[in-house]
Amino acid sequence: MTPQKILVTGGAGFIGSHTVVALAEAGYEPVIVDDFSNSEPSILDGLKAILNREVRSYHIDCNDRAAMTDVFSQEQVAGIIHFAASKAVGESVEKPLKYYRNNLDTLMLLLELMPQFGVQNLVFSSSCTVYGQPEHLPVTEETPRLPAMSPYGNTKAICEDIIRDCVAANMPVRAISLRYFNPIGAHPSALIGELPRGVPANLVPYLLQVASGQRASLTVHGNDYNTPDGTAIRDYIHVMDLADAHVSAVRLLVEKKETAFYDVFNIGTGRGASVLELINTFEEVNGIKLPYHLGDRRPGDIEQIYADVTKSTRGLGFTTKRTLADALQDAWRWQQKIS
Ligand SMILES: NC(=O)c1ccc[n+]([C@@H]2O[C@H](COP(=O)([O-])OP(=O)(O)OC[C@H]3O[C@@H](n4cnc5c(N)ncnc54)[C@H](O)[C@@H]3O)[C@@H](O)[C@H]2O)c1
């Protein structure tokens, strides 16, 4: 049987590239569309080395209607996973229009092209940022979304609403938004991983640069939070587990009989880890001492969040397999390769 093709926008990016591996290993044929605005073509070499074959890929901007129309007509895909987006929270505050333009337009163009080419299935990259600082933990999908704290976060909420409204209007679209918690780690081969640009805003990419000597010391932002050790808590998920969640979502969609369908799932481990726990785990599993110091809270950071994964376990049949230690070992292996 010919494998079903899945269009992966942003497929050269951090989560996209790992999902390409998971899709290929699950018997799908991934087709990448990426403009390399936040990734490197060398990731395609890494994918080839892991999969022992070239992955089909198009170097184009997902906002380019003519180029995207060509891709749709050449590739007859069974579904789309839409990763392509601008994702730097801080930059989104400075350049909101870049974020609204890129993140909303790419989605709307896909939703316009899908019915024209009979493509029904869409998985959308959303984020736990839509919950803000929730009142009750863990957060379920029923937890109310709070007003976004950045234009980036707002694009995720608006994109979810756009998809919901299209499905409510009975467009022939079956869609799932996956609300990711905190993806970290890399493929265990160290052939693909995250390529942060500039000063990393996220804990693990920054920590890795400290561990490799590129930066002097790690600042722990806030140790007076209302958490057991005073530092902020997040739900860190291995990027290969997150990749597997996309395969589960694609499977669910392609098997659906409904012509219009929409649902939302949390994708996390269900367990929170504090900044200090993460640092200690990194030091233990990699045998490295990390220079760090305690600093002030960072404006805009929330105290703690972790996922209730009951719905994704039942609805997608998805559970995580890898530990925080696995993720930090794999991330370090990758960092050593790129340093
Ligand atoms: N990494 C996280 O912590 C996280 C958390 C929640 C949600 N997300 C979402 O998941 C998705 C993937 O995130 P990531 O961490 O892999 O980011 P990433 O920047 O590594 O990957 C995004 C990819 O999309 C490409 N891209 C961006 N705009 C494009 C366009 N107009 N046309 C073609 N390609 C384009 C970039 O070059 C990049 O390769 C994003 O939508 C992001 O908002 C990420």
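We count ligands from 1, going down the list as the structure has it; atoms in each ligand are counted the same way.
Taking every non-hydrogen atom of D61 and a distance limit under 4.0 Å, the qualifying atoms of ligand 1 come out as 30 (C), 31 (N), 32 (N).
At under 3.5 Å, a nitrogen or oxygen of K87, whether backbone or side chain, sits near a nitrogen or oxygen of ligand 1. Checking only distances, N38 does come within under 3.5 Å of ligand 1, N or O to N or O.
Contact record, W334 with A186: CB-CB, 3.7 Å, taken as the closest heavy-atom pair.
Taking 4.0 Å as the cut-off, S37 counts as a neighbour of ligand 1 on heavy-atom distance. Remark: distances from the non-hydrogen atoms of L195 to ligand 1 are all 4.0 Å or more. Note on ligand 1: S126 sits in its first shell, one or more heavy atoms being nearer than 4.0 Å.
Of the heavy atoms in Y152, only side-chain atoms (C-beta onward) come closer than 4.0 Å to ligand 1. When non-hydrogen atoms are compared, ligand 1 lies under 4.0 Å from the side chain of K156 (C-beta onward) but not from its backbone. Looking at T106 against ligand 1, only its side chain comes within 4.0 Å, counting heavy atoms. Only the side chain of N102 comes within contact range of ligand 1, with a heavy atom under 4.0 Å; no backbone atom does.
Annotation: cation-pi geometry satisfied between R297 and Y225 (NZ/CZ under 6.0 angstrom from ring centroid, within 45° of ring axis). The side-chain tip of R174 does not point at the ring of Y262 from less than 6.0 angstrom away and within 45° of straight on.
Within 6.0 Å of CG in N280 there are more than 12 heavy atoms belonging to other residues, nucleotides or ligands.
Using modelled atom types, one side-chain atom of Q133 and one backbone atom of E303 make a donor-acceptor pair closer than 3.5 Å.
For residues 100-113, the salt bridge (charged side-chain N to carboxylate O under 4.0 Å, His left out) pairs, not counting sequence neighbours, are R65-E112, R101-D105.
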